[in-house]
Number of protein chains: 2
Amino acid sequence: MPGKTDLSELNCSLARSLDIVGDWWTLLIVRDAFLGVRRFGDFQRSLGIAKNILATRLDQLCADGILARGGTDKRPLYRLTDKGSGFLPAMVALMQWGDRWASGNKPPVIVTDAQGRPVKPVRLQGVRGDLDAQAIRFSPGPGATARTRAFFDETSSKSRVE
Amino acid sequence: MPGKTDLSELNCSLARSLDIVGDWWTLLIVRDAFLGVRRFGDFQRSLGIAKNILATRLDQLCADGILARGGTDKRPLYRLTDKGSGFLPAMVALMQWGDRWASGNKPPVIVTDAQGRPVKPVRLQGVRGDLDAQAIRFSPGPGATARTRAFFDETSSKSRVE
DNA sequence: CTGTATCCTTAAAGATACTG
DNA sequence: CAGTATCTTTAAGGATACAG
């Protein structure tokens, strides 16, 4: 993977997320953190990840403010920050998509509320209710670059022709 | 990246999702597809990706049933299938997380309904309303392996002690 | 237990040239 | 326009040994 693409250049919210949390191990570590894993060794055994890899990921996750170190210096605890906890909807949406579309088997993990009642499938909601892919639109936002605006102009003009 | 970790082994819904859609280019291609991009060349220019890389990703996305080829053989169109469209909640949740936590700038892309009304932040919903990270629980599902069950036993017993 | 420090290996990105 | 075919490079994973 030479010269790993600099996604931050792409001026895209998705790319910015992926830049932080968009590799396999990182996401899986976050998942484990949601499941209650706190210790270095527990992450390691749970994931079967090499120790040096885990160490760099944990460092990065702390640097990015997704995990915070607690406990003692010799025996740290890693726990989710608010930023990390805020990732829950995205993570569950990802899991649900996998359950729905990428699995012959039944889900290995069930997400419920504290009383064991099911969590509903994550949906997009507008002011008048649920929205699906046909019901939504994308448009250049306040942070859009000229390039992004040009992209939207071009894309929408094309869709008119097709 | 020698011997790219086989996530499917992990028996995790998240891992299964990541196995399919969990690399940078793939996600970004899917994003572009949601934005209305349909042509090989448009993907290429939009993403600045090498043609050989794009070709393999597009092939894989078709093989995985996320995109489907239309148009002519000489001039294919790539459009989202239902499986691909079903990824929308996850993608928007990822974008929203990036907007909220990984961005000093304002979002470059705004998601709205067809009337231009805003899409609400994606939230987890239980039977009684919104749920946050403290309000949810994970438990072994019907597809859980013995290993997964053991993991849950151990994790929950530890959290009692801490 | 929680890491560091090395070394090795290789999958995969990128560039480029070529084809129908 | 939409790829295929090579070739080269290199970032990053894995293993292992060692340290506080």
Side-chain angles (χ1 to χ4, degrees), chain A residues 1-10 15 18-29 32-33 37-63 67-79 154-155 158 161-162, chain B residues 1-10 15 18-29 32-33 37-63 67-79 154-155 158 161-162:
Chain A
M1 207 188 283
K4 175 187 159 195
T5 319
D6 185 3
L7 296 172
S8 58
E9 272 304 308
L10 287 177
L18 295 178
D19 214 27
I20 296 178
V21 85
D23 85 300
W24 303 271
W25 286 136
T26 301
L27 246 325
L28 262 6
I29 290 169
D32 267 15
V37 178
R38 298 279 177 272
R39 301 287 187 190
F40 187 95
D42 290 333
F43 283 110
Q44 209 219 324
R45 274 182 298 279
S46 165
L47 298 170
I49 186 178
K51 295 201 292 185
N52 47 356
I53 311 298
L54 177 59
T56 58
R57 288 300 190 286
L58 252 14
D59 273 353
Q60 194 57 51
L61 247 6
C62 287
L67 296 179
R69 275 195 184 80
T72 66
D73 255 25
K74 310 298 295 287
R75 200 132 190 287
L77 286 170
Y78 296 90
R79 55 179 87 252
E154 225 210 317
T155 306
K158 280 199 181 157
V161 193
E162 268 168 27
Chain B
M1 206 188 284
K4 174 186 158 192
T5 318
D6 185 4
L7 295 171
S8 59
E9 271 304 310
L10 287 176
L18 294 179
D19 214 28
I20 297 178
V21 85
D23 86 299
W24 302 271
W25 285 135
T26 301
L27 248 323
L28 262 4
I29 290 170
D32 267 15
V37 178
R38 298 278 176 273
R39 301 287 186 190
F40 187 94
D42 290 332
F43 283 111
Q44 209 218 325
R45 274 183 298 279
S46 165
L47 298 172
I49 185 178
K51 296 203 293 185
N52 48 357
I53 310 298
L54 177 59
T56 57
R57 289 300 190 286
L58 253 13
D59 274 353
Q60 193 57 51
L61 249 4
C62 288
L67 295 179
R69 274 196 185 77
T72 66
D73 255 25
K74 310 297 294 287
R75 201 136 188 287
L77 286 170
Y78 296 91
R79 56 179 84 255
E154 225 210 317
T155 305
K158 279 200 182 158
V161 194
E162 268 170 29

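Basis for what follows: all heavy atoms, side chains included, without hydrogens, waters or symmetry-related copies.
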Steps toward salt bridge (charged side-chain N to carboxylate O under 4.0 Å, His left out) verdict (D59(A), R69(A)): CA-CA 9 Å; D59(A) 273 353; R69(A) 275 195 184 80; 2.5 Å; yes
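Side-chain contact between L58(B) and L54(B) is present, with heavy atoms from C-beta onward closer than 4.5 Å. Side-chain contact between L28(B) and I49(B) is absent, with no heavy-atom pair separated by less than 4.5 Å. Looking at heavy atoms from C-beta onward, Y78(A) lies in side-chain contact with C62(A) at the 4.5 angstrom threshold.
F43(B) comes within 4.0 angstrom of no nucleic acid atom, judged by non-hydrogen atoms across all strands.
Separating the CD1 atom of I53(B) from the C1' atom of dA15(C) is a distance of 10 Å, rounded to the nearest angstrom. Residue K74(A) contributes atom NZ, which lies 11 Å from atom C1' of dG3(C) at whole-angstrom precision. For F40(A) and dT4(C), the CZ to C1' distance is 10 Å, given to the nearest whole Å. L77(A) has its CG atom 11 Å from the P atom of dG3(C), to the nearest Å. Taking atom CG on L47(B) and atom P on dA2(D), their separation rounds to 14 Å, with Å as the unit. Between the P atom of dT4(C) and the CG atom of D59(A) lies a distance of 6 Å, rounded to the nearest Å. With rounding to whole Å, Q44(B) atom CD is found 10 Å from dC1(D) atom C1'. Taking atom CG of residue D23(A) and atom P of nucleotide dA11(D), one finds them 16 Å apart after rounding to whole Å.
Comparing T56(A) and R75(A) by the nucleotide of DNA chain C that holds the closest heavy atom to each, the one mapping nearer the 5' end is R75(A).
Under 4.0 angstrom from either OP1 or OP2 of dG13(D) there lies at least one side-chain N or O belonging to R57(A). Between W25(B) and the phosphate of dG14(C), there is a side-chain N or O to OP1/OP2 separation shorter than 4.0 Å.
Nearest nucleotide to the side chain of A55(A), out of dG13(D), dT4(C), dG14(C): dT4(C). The side chain of I49(A) sits closest to dG14(D) out of dG3(C), dG14(D), dC1(C). Closest to the side chain of N52(B), out of dA13(C), dA15(C), dC1(D), is dA15(C). The side chain of K51(B) has dA17(C) as its nearest neighbour among dA17(C), dT6(D), dA15(D).
Taken to the nearest 0.5 Å, the OG1 atom of T155(B) stands 10.0 Å off from the CZ atom of R38(A).
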